[in-house]
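Note that the coordinates shown come from a computational prediction; the quantities given were computed from them, not determined experimentally. Throughout, a chain's letter reflects where its sequence line sits, starting with A, and its residues are numbered from 1.
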Amino acid sequence: MLHCLRSPEDFAAIGRPETMKWLHQPQKFQQPSFHSKSFGFSQSSQIDDLNSVLREIPNRSMKAENSWDNGLPGLGDFPTAGTDFRGHGMGFELPEIAGSSLEMDHSISRTSSCPLPDLGAATSVDGRELAGRNSVKKRKAEVALTEECKDQKIKRDEEEEESKIEEKHSEISPNASKVSGSPKPDYIHVRARRGQATDSHSLAERARREKISKKMKYLQDLVPGCNKITGKAGMLDEIINYVQSLQRQVEFLSLKLATMNPRTDFNLDTFLGKEFPAYVAAGFPTAAASSEMANLPFLQFQPVPQGITSCELHMPIDPPQSALQMTTSSSTSVPEMFTNSTSFSQVQPFTTWDTDLQSLYTGEFQ
Amino acid sequence: MTSNRVFFNTSSRKARCARRFLQSLLRIRQRRPGSLSSEEVRQRSRRIKMAAYSSMACTVGSRRAWSRAIIFRLQSRAGRHGRMRRRCLGVKKKPSREMSQADRLRDLVPGGEALDFCNLLEETAHYIKCLSSQVEIMKSIADIYCRS
């Protein structure tokens, strides 16, 4: 879908997502009080405003979507970026909806900015103007980036409208602590949560903290027994202990392996086959092969002559054949079958020898 | 002939790691076949431990900072036998009380000294995953030995 949207000429393709977006509207409108909480919008008023904007969407979406593709692939990576952009949180599950939600939010934001003068609402949306620093770009979720990119692109494309709105922002909101006077072309607009500082430093800090908490959650899943522990310090202690215990286990196991005496018929293939029966590739009867492989170590300790080991090496190659040949084996259990097959294979070379010798003798004597 | 390939699928990361580890284990055993003196056993266990870490790191490759650090450490250790070790021993002289948790983690995870906290957590997660799979491999090998 994205690829179609890239070309502005693809109106047909655009039409489809547009309908999708419009269908998804109702979802969108629930969320975003994060936009509007600053304005104290009610949902109904949002919808009214949005309806007016929706007609403008087709015009703007074209240009917006050009810059989407950069951001959207990143969406999957930041399911929790919705914490910063609660409005977007919902949309992340489905990329299309997310894309549409981005689009919608973008338009929402622009529309909501229009009634600003009417409401006279002072808002933290003006945090948008604040974070005009590129360093924030790196910390913020791609969502913000795409919005910013879209902002920039659309600014360049549509010039006056956005700048007007931003100017209105700067004029109208006296509470905006740090508002830059003139809208610069490379603005970073960041959504700030209600009641939180909109300083670029604190925003960056917040992004960093959220990244860290996301990684801590992932670590919590990895380290067993960490579910009850909350708090960074306790978690870190657990992690440190776990890593130490794993390293100690490696040391202990290496000592154990060093003291063990290997069998003389140590065979790499048998070990791997035994250890990873799941990894045995599907080939000839896989189940049979793996179970027979599993029984090899048992066989190696039965009182069979050493000469059998060479046979055993070849055994795995044609277990099914030997199994088929072992119609004489009465037992159905695999180990016994295998035992029989080993004895059979032990006998086999001799029998072939014997037959050869016999044929020689008979040939000679004839 | 495809019969050899029937038995294990080496494209799996764990199987590759196990295979590498077993090969180095074989090499270590072949050097000195079953000596029982404690010093030799200790030396062999140290070699086996290094083989475990190297097989773990080689399977991961240079994708991760910790694997790169292990590979670098092993290569430099191979080059200069005693010098690197002595130098490494002298590095961490801070009393443990002053070390923050992040510093302790940096000590544990190879290559963690140069990482910021965020990347350190990521490396720790990957390191834990690989280390636990390596422990599983070693446990199963020891089990196979035990059954003999």
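Separation of atoms SG (Cys118(B)) and CZ (Arg209(A)) is listed at 13.0 Å; rounding is to 0.5 Å. Here the straight-line distance linking atom CZ of Arg42(B) with atom OG1 of Thr259(A) works out to 13.0 Å at 0.5 Å rounding. Taken from CD in Glu136(B) to CD in Gln249(A), the straight-line distance is 10.0 Å, to the nearest 0.5 Å. From Gln244(A), atom CD reaches atom CG of Leu105(B) across 9.5 Å, with rounding to the nearest 0.5 Å.
No option in Leu236(A), Ile240(A), Ile239(A) other than Ile240(A) meets the side-chain contact (heavy atoms from CB on, under 4.5 Å) test with Arg104(B).
Around CZ of Phe252(A), the count of heavy atoms belonging to other residues, nucleotides or ligands within 6.0 Å does not exceed 12.
Between the Gln101(B) side chain and the Ala233(A) main chain, a donor and an acceptor come within less than 3.5 Å of each other.
Of the two parts of Asp221(A), neither the backbone nor the side chain holds a non-hydrogen atom closer than 4.5 Å to a non-hydrogen atom of chain B. Heavy atoms of Leu253(A) lying under 4.5 Å from chain B belong to its backbone as well as its side chain.
In this structure, the side chains of Leu257(A) and Ile28(B) stay at 4.5 Å or more apart for every pair of heavy atoms. Annotation: side chain of Met138(B) is not in contact with side chain of Lys256(A) (no heavy-atom distance under 4.5 Å).
Ranked by heavy-atom pairs under 4.5 Å with chain A, the list Thr124(B), Leu131(B), Val109(B) is led by Leu131(B).
Shortest non-hydrogen contact noted between Gln247(A) and Leu108(B) is NE2-O, 3.2 Å. Across all their heavy atoms, Val41(B) and Ala258(A) have their closest contact at O-CB, 3.7 Å. Between Ser254(A) and Ser45(B) the shortest heavy-atom distance is OG-O, 3.4 Å. When all heavy atoms of Ile128(B) and Leu246(A) are compared, the pair lying nearest together is O-CD1, 4.0 Å.
Legend: salt bridge (Lys or Arg N to Asp or Glu O under 4.0 Å) pairs involving residues 116-128 of chain B, not counting sequence neighbours, sorted by first then second residue: Lys215(A)-Glu122(B), Arg64(B)-Glu122(B), Arg64(B)-Glu123(B).
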